[in-house]
Amino acid sequence: MAKEAGINQKLKFLYLADIFERETDEEHPLTVYDLSEKLEALGINAARKTLLDDIKLLEDYGMDIINVPVGKMLGYYLGSRSFELPEIKLLADAVSSSRFITEKKSRVLLKKLEGLTDKYHGQEINRRVYVSNRIKSENESIYISIDVIRQAIDSGRKISFKYFDRTLDMKKKYRQGGRTCSPYALAWNDGSYYLVGKQEKYPTLSNFRIDRMESVAVLDEKSEPVPEGFDPAKYTSTTFSMFSGEECTVTLRFDNSLVNVAADKFGTDLILIPDGDDKFTVSVRLVAGAAFYGWLFQFGEKAEVMSPENIRREYAQMIENVRKKYITEE
């Protein structure tokens with residue numbers, strides 16, 4: 001028993017620091033009497049006279065311990081932490097809303113984030129986020145896959161993997177044959193993680209949803225060189241929904257009310273050219289296709305493809321095909 005008490009005594013500063021981290025904030029300062037009682041409950045002899053010296057040592061170590069009047073005494077609390085509550089809430093929202101993080105892993109991460117703040121605010125992390133109501137990945141191996149892909153990118157080697165689609169009954173159906181590619185970047189798009197890489201049989205880059213990849217392994221074979229001028233950030237912003245295809249320059253005309261939309265989608269370094277009193281045009285590099293047309297369609301008459309002509313015709317044909325679906329004969 002004496003030996004256990006001696007060990008606890010050596011851990012006194014760790015326990016004291018933990019009390020400040022978990023049990024104090026501006027609204028919940030603790031006096032030396034409070035601190036002494038909490039330490040003694042842990043089997044640590046904590047004379048009130050020496051606690052002031054202990055607190056000073058913790059301050060010297062770098063803890064932001066603030067004192068305030070509590071009745072006729074002073075109360076002490078931790079003023080700042082490595083992560084402030086608004087920052088933790090922001091991280092919690094990101095974890096919870098992320099599709100590629102499974103519900104099980106989300107709850108584990110939220111519990112860890114909860115531990116970064118005091119006990120009075122920790123429950124806010126879980127109370128304000130409801131992971132069970134969000135669409136989540138079911139692939140628990142995604143974290144291992146991401147780590148393996150990063151290793152391959154860093155070492156400049158190809159990877160192999162299996163890739164699956166979903167059937168009508170939501171079962172996995174693996175595509176014939178394994179996949180091999182040169183991995184270049186991991187990209188975040190529309191709540192999902194993607195691998196951007198090059199398959200030898202295709203001239204353009206390919207994109208793979210990482211939560212649909214399994215058995216990812218690093219090969220001994222060296223990757224093909226990264227395409228000249230490849231910019232992951234730019235690539236992600238111009239590839240709608242990560243569908244593969246050839247990039248082209250498209251000129252769009254928008255209503256002035258969509259300036260924020262254009263900036264959010266294509267970046268703030270755009271050159272906007274006024275077109276009359278209430279419209280502007282902009283030329284951007286992007287991968288045209290169904291995903292792009294679907295994005296554009298939501299703006300109705302406020303957005304228009306000006307050029308090239310083949311993209312304009314293709315978009316018009318898509319609209320016409322949809323229109324025909326809703327025509328009823330009288």
Side-chain angles (χ1 to χ4, degrees), residues 98-102 137-167 172-250 265-267 269-270 283-296 308 310-311 314-315 318:
S98 172
R99 291 183 183 177
F100 89 91
I101 303 178
T102 64
S137 170
E138 298 176 354
N139 186 354
E140 287 287 347
S141 66
I142 187 171
Y143 319 110
I144 297 174
S145 298
I146 290 172
D147 187 53
V148 172
I149 292 170
R150 289 190 188 281
Q151 292 178 33
I153 292 173
D154 292 341
S155 62
R157 297 184 182 280
K158 292 184 177 181
I159 61 169
S160 63
F161 56 94
K162 295 192 297 182
Y163 202 64
F164 66 84
D165 300 300
R166 292 288 181 183
T167 60
K172 294 180 183 178
K173 182 180 179 180
Y174 293 92
R175 296 186 183 180
Q176 287 188 345
R179 293 289 187 274
T180 301
C181 82
S182 300
Y184 298 141
L186 294 171
W188 179 265
N189 186 275
D190 195 25
S192 296
Y193 240 138
Y194 291 82
L195 163 66
V196 180
K198 175 73 167 58
Q199 297 184 86
E200 188 173 341
K201 60 181 179 179
Y202 296 118
T204 60
L205 295 178
S206 299
N207 310 307
F208 299 95
R209 276 269 297 269
I210 296 180
D211 58 329
R212 288 166 55 194
M213 297 171 65
E214 290 185 356
S215 304
V216 183
V218 181
L219 304 177
D220 291 333
E221 189 177 354
K222 289 286 188 181
S223 293
E224 295 183 31
V226 178
E228 186 177 350
F230 173 67
D231 182 339
K234 183 178 179 182
Y235 178 82
T236 304
S237 67
T238 59
T239 305
F240 284 75
S241 297
M242 300 307 290
F243 288 120
S244 303
E246 292 284 354
E247 266 195 13
C248 62
T249 299
V250 177
K265 192 63 185 178
F266 303 112
D269 58 345
L270 290 173
S283 294
V284 293
R285 295 283 296 176
L286 53 81
V287 176
F292 164 62
Y293 300 144
W295 174 82
L296 193 66
N310 66 308
I311 301 298
E314 193 172 279
Y315 180 46
M318 186 202 78

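Put simply, CG on L296 and OH on Y315 are 4.0 Å apart, with the number rounded to the nearest 0.5 Å. Here the OH atom belonging to Y174 is positioned 7.0 Å from the OG atom belonging to S215, to the nearest 0.5 angstrom. Of the inter-residue distances, the one linking S182 atom OG with Q199 atom CD reads 9.5 Å to the nearest 0.5 angstrom. Considering CE of M213 and OG of S160, their distance stands at 9.0 Å, rounded to 0.5 Å.
Among all heavy-atom pairs drawn from S206 and F208, the shortest one is CB-CE1, 3.8 Å. Taking both residues in full, the closest heavy atoms of M318 and Y293 are given as SD-CB, 3.5 Å, listed atom of the first, atom of the second, then distance. G197 and Y184 get closest at one heavy-atom pair: CA-CD1, 4.0 Å.
For E314, the salt bridge (charged side-chain N to carboxylate O under 4.0 Å, His left out) criterion is met by no residue, not counting sequence neighbours. D147 pairs by the salt bridge (charged side-chain N to carboxylate O under 4.0 Å, His left out) definition with nothing, not counting sequence neighbours. Residues passing the salt bridge (charged side-chain N to carboxylate O under 4.0 Å, His left out) test with R179: none are found, sequence neighbours excluded. Applying the side-chain contact (heavy atoms from CB on, under 4.5 Å) test to P308 and every residue at least two apart in sequence or in another chain returns V250, N310, I311.
Residues R157 and S223 bring no donor and acceptor atom of their side chains to less than 3.5 Å of each other.
Residue pairs meeting the salt bridge (charged side-chain N to carboxylate O under 4.0 Å, His left out) criterion with at least one partner in residues 222-232, sequence neighbours excluded, are K198-E224. Under the ring pair (Phe, Tyr, Trp, His ring centres under 6.0 Å) criterion, the residue pairs touching residues 209-231 are F230-Y235, with sequence neighbours excluded.
At distances below 3.5 Å, not a single donor-acceptor pair connects side-chain atoms of Y194 with backbone N or O atoms of A185. Between the side chain of R212 and the main chain of F164, a donor-acceptor pair closer than 3.5 Å is present.
In this structure the side chain of L195 never reaches within 4.5 angstrom of the side chain of V216, judged on heavy atoms.
By the 6.0 Å contact criterion, CG on L219 is enclosed, its count of non-hydrogen atoms from other residues, nucleotides or ligands being greater than 12.
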